Amino acid sequence: MPDSGSPRRDPEIPKSARVSDEVKYTTCYMCACRCGIKVHLKDGGIRYIEGNRDHPVNRGVLCAKGSAGIMQHYSPARLRKPLKRVGPRGSGEFQEIEWEEALATAVEWLGAIRARDPKELAFFTGRDQSQALTGWWATQFGTLNYAAHGGFCSVNMAAAGLYTIGGSFWEFGEPDWERTKYFLLFGVAEDHDSNPIKLGLGKLKGRGAKVVSVNPVRTGYSAIADEWVAIRPGTDGLLVLALVHELLRAGKIDADYLAAYTNAPWLVIDAEGTADHGLFARGADGAALVWDRKRSALVSASDAEAMPALTGERRLPDGRRAVPAFELMARRYLDPRYAPDAVAAETGVPAATIKRLAAEIAHVAFGEAIVLDRPWTDARGRQHATMLGRPVAMHAMRGISAHSNGFHTCRALHLLQMLLGAVDTPGSFRYEPPYPRPIPPAIKPAGPAAAGKPLAGPPLGFPRGPEELLVDGARKPLRIDKAYSWEAPLAAHGLLHLVVLNAWKRDPYPIDTLFLYMANMSWNSAMNTAEAMKMLADRDEKTGDYRIPRIIYSDAYASEMVAYADLVLPDTTYLERYDCISLLDRPISDGNGAADAIRQPVLEPDRDVRPFQDVLIDLGARLKLPGFVDAGGKPKYPGLYPDYIVNHERRPGMGPLAGWRGANGTAHGLGAVNPNQLERYVEHQCFWRAEIPEEARFYKFANRAYLDWAKAMGFLDRAEPVVLQLYSETLQKFRLAAQGHGAVQPPPEHRERVAAYFDPLPIWYRPFEEADGSAGFPLHAITQRPAAMYHSWGSQNAWLRQIHGENALHINRATAAALGIEDGDWVSVASRHGRIVVRAKTMEGVNPDTVWTWNAIGKRAGAWNLDPKAAESQRGFLLNHLIAELLPPREGGYRYANADPVTGQAAWYDLRVRIEKAPAATDASEPHFVAAKSPPLAARPKVLRYGAKFRPREGKP
Ligand code: SF4
């Protein structure tokens with residue numbers, strides 16, 4: 001351009017504008033990953049949120065949800081004051097009251113229950129992150145009717161892991177992202193473990209590792225996988241056992257690993273019809289026996305000199321026969337019914353693909369093994385010059401968990417890992433401290449407490465046999481959710497999804513008060529929405545009283561559940577309170593270190609709300625629960641939750657936070673109370689991390705250095721090895737009871753079921769809904785979670801709603817064409833339980849027998865302070881309307897829960913449907929429920945804008 005001769009004036013750009021007055025570190029809570037964040041504050045408001053680059057979880061990465069925390073914090077759906085119901089339940093008519101009245105009411109109700117029968121209180125929480133506190137509160141109150149949301153989410157995965165390898169996937173273990181060469185994802189949703197998996201996948205992609213996603217739907221992680229295996233829902237276990245078949249057939253297993261670290265060589269008594277059949281042969285000291293190939297003798301499995309045999313029938317000293325667990329396992333899975341050709345039709349995965357996957361896995365595990373030049377000593381004193389690794393890693397989540405065969409599917413996956421020698425070896429799955437734990441963890445679920453007394457122990461635990469179930473003399477359940485009864489013996493997380501139903505049915509007994517925190521039970525935390533709403537508001541025909549007499553609810557937002565509460569205790573947002581991400585609960589550790597974290601308030605609440613944890617501690621003190629008051633009856637934690645976080649000791653030296661303990665803050669793991677502990681956390685960006693010593697980072701279950709370190713940190717009571725349980729004696733004990741052995745046996749009506757599903761080796765069976773009631777319902781219907789949303793919180797967030805404002809039912813194009821359905825058509829979707837009308841979207845990336853939608857987008861009109869005509873309530877929908885809590889009646893009329901028979905996990909991914917074009921033209925989804933009145937909330941702006949005031953004006957940075 002020719003020079004005009006006049007001086008050029010560049011526009012003034014404020015290159016170093018001051019974006020914030022102050023930056024506060026805390027922990028994100030826009031999903032469950034617990035990333036570190038820096039909240040930039042300006043003029044008393046949030047300017048923006050940034051990822052913390054120093055944080056071990058996210059290394060600075062912040063996702064769309066994390067950034068949108070601003071709109072969560074300023075949401076017009078925030079409750080603003082305690083509420084007392086003044087209209088009928090469900091009407092949404094409330095009166096705002098003072099905290100003193102709210103707390104006095106709660107104390108009056110709860111105090112009377114505790115004096116009468118503490119189990120009349122059912123206290124259940126949703127996806128909160130303070131279960132170490134809430135569980136302890138329930139213990140001190142004396143109610144065994146306590147759990148969080150795990151029974152609805154992924155207890156199959158957690159229980160199968162803890163009963164098999166002493167740890168599990170999800171946030172308790174991770175792939176060795178630095179070394180894995182072959183990564184298999186089974187049913188993993190994009191909103192769980194979100195940033196860590198994204199970061200990890202980036203590393204794998206960068207190194208050229210192969211990523212295989214086994215999932216009926218190709219979204220999120222599946223979309224970037226190198227290979228997508230479009231499995232039919234509920235058949236993952238069969239696919240995995242076919243892989244096991246192929247590996248056994250080819251001899252591609254790590255026999256040394258199996259012999260040294262698993263119970264594969266332990267001898268199993270073969271004495272059909274006796275009380276010991278299927279149990280381990282044990283010596284006089286109680287230790288399991290193995291056959292030593294070197295000495296040709298029976299020796300203790302813990303004998304460091306033994307060279308245990310994996311096969312061969314042996315005679316025990318008393319003349320009975322016994323065979324190693326490995327041989328029983330191999331005999332079963334070498335059977336042709338597990339051959340790829342035999343399972344291809346059922347799984348929807350071609351036999352050639354299964355064979356190729358098995359061959360690829362075997363090649364990477366054994367042909368590309370890793371050897372780390374890192375000497376270590378095992379728990380029996382044997383020295384190892386190197387660490388051998390099998391670089392095949394697996395990760396699984398709700399996709400395999402939320403089926404009625406999920407427990408065994410998860411066990412099958414762990415079996416596959418063990419056969420490969422791919423549990424906590426370089427390149428494979430890695431435990432995150434405090435895992436591994438003894439198998440199962442040594443916590444028994446506590447039975448009922450007497451009036452006015454605490455429980456004898458925690459309400460949730462891990463039964464090791466029938467004698468540890470919670471059943472009465474008539475063998476009936478002792479808990480309202482029937483956890484730890486013969487219907488769900490290993491219900492390690494309780495059964496949130498059955499509480500409303502059982503409380504309404506008064507089965508096994510009536511309760512007085514349902515106390516819920518962050519559990520949207522009248523909407524998408526229930527198996528069946530319409531039924532749940534009816535039950536919550538239903539009245540006794542004779543007395544006219546509500547069948548569930550009282551409901552107390554705490555939440556930060558006006559969710560659908562609020563309308564059903566009698567008393568509402570408004571919580572703060574996650575940026576207005578202290579929280580504790582504890583090693584006693586769900587920590588933020590990784591394969592190389594133990595870590596925990598806090599949230600600190602970055603802003604003062606501008607409403608009359610209180611942190612739920614503060615309220616719970618206040619209630620504990622007002623109720624004079626042991627542990628919440630001192631000897632003189634005064635509150636033990638007058639400073640409420642921050643005071644508790646610092647001063648509470650679960651046992652001497654062990655508190656909610658492991659960092660900077662001891663009077664001067666120099667102890668880590670265990671140590672005396674440090675009055676300045678919270679200040680240390682704030683100084684250190686709100687997290688603490690302790691590196692595992694280099695030589696202790698793999699083979700943690702048997703690594704002397706790790707076991708000693710873990711004991712010193714307080715993660716293990718004893719520095720003893722954890723033997724991986726390929727064969728589960730615990731399951732066999734339940735089966736023996738069902739076969740008529742032992743002092744505690746199931747009632748006749750449950751025997752067949754317990755005997756069938758408590759198999760000591762993994763089994764696969766058709767999900768119940770498919771096996772029992774799918775005639776006329778040819779398609780599977782499942783949900784996926786979008787990366788941009790988390791549960792129902794996200795779909796009221798002004799920014800995230802712009803990503804997913806409504807949902808559709810996604811159908812495979814060929815399937816849709818065969819049904820005469822086109823993209824955008826409205827379709828009727830029927831299950832054996834109900835019918836919905838929704839909009840269809842066609843796509844290629846879904847198994848042809850499966851339809852799916854994003855979860856938790858649909859909202860009830862009137863809730864969350866959204867416009868009554870918002871897309872979420874007009875065109876959004878839930879599949880929950882179609883899901884039944886109970887299976888069809890069996891002979892005699894009894895109806896089991898629609899759940900896994902081992903753990904009671906809700907089987908909401910078992911849903912089967914029929915779809916057809918909707919008969920009439922429409923532009924709205926069905927069903928629709930009468931809009932509840934909104935509780936008093938802030939005015940809802942027509943257009944929600946944020947941030948304009950921060951824009952620099954000309955001449956002003
Ligand atoms: S992954 Fe979850 S915790 Fe991490 S930034 Fe995103 S929303 Fe927050």
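What's counted below: heavy atoms across the whole structure, side chains too, no hydrogens, waters or symmetry copies. Owing to the predicted nature of the structure, the values given are computational and were not obtained by experimental measurement. Remember, it's 1-based here, ligands and their atoms both numbered in the order they're listed. In what follows, residues are counted from 1 in the order of the sequence shown.
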Are the ring centres of Y29 and H73 closer than 6.0 Å? no

Is the gap between the ring centers of W660 and Y681 under 6.0 Å? yes

Please determine whether C35 has a backbone or side-chain N, O or S atom lying under 2.8 Å from atom 4 (Fe) of ligand 1. yes

Ignoring hydrogens and angles, state whether a donor on the side chain of H497 or W908 is under 3.5 Å from an acceptor on the partner side chain. no

Residue K65 vicinity, atoms of ligand 1 by number, heavy atom under 4.0 Å: 7 (S)

So, F429 versus F169, ring centres under 6.0 angstrom or not? yes

Check whether any N, O or S atom of C28 sits under 2.8 Å from atom 8 (Fe) of ligand 1. yes

I need the atoms of ligand 1 closer than 4.0 Å to a non-hydrogen atom of L62, numbered in the order shown. 5 (S)

Partner of D590 under salt bridge (charged side-chain N to carboxylate O under 4.0 Å, His left out), chosen from R34, R689, R59: R689

Give a yes/no on ligand 1: does N58 have at least one heavy atom closer than 4.0 angstrom to it? no

Min side-chain heavy-atom separation I224-V211 under 4.5 Å: no

How about C63: does one of its N, O or S atoms come closer than 2.8 Å to atom 2 (Fe) of ligand 1? no

Which ligand 1 atoms does R34 reach within 4.0 Å, using its non-hydrogen atoms? 3 (S)

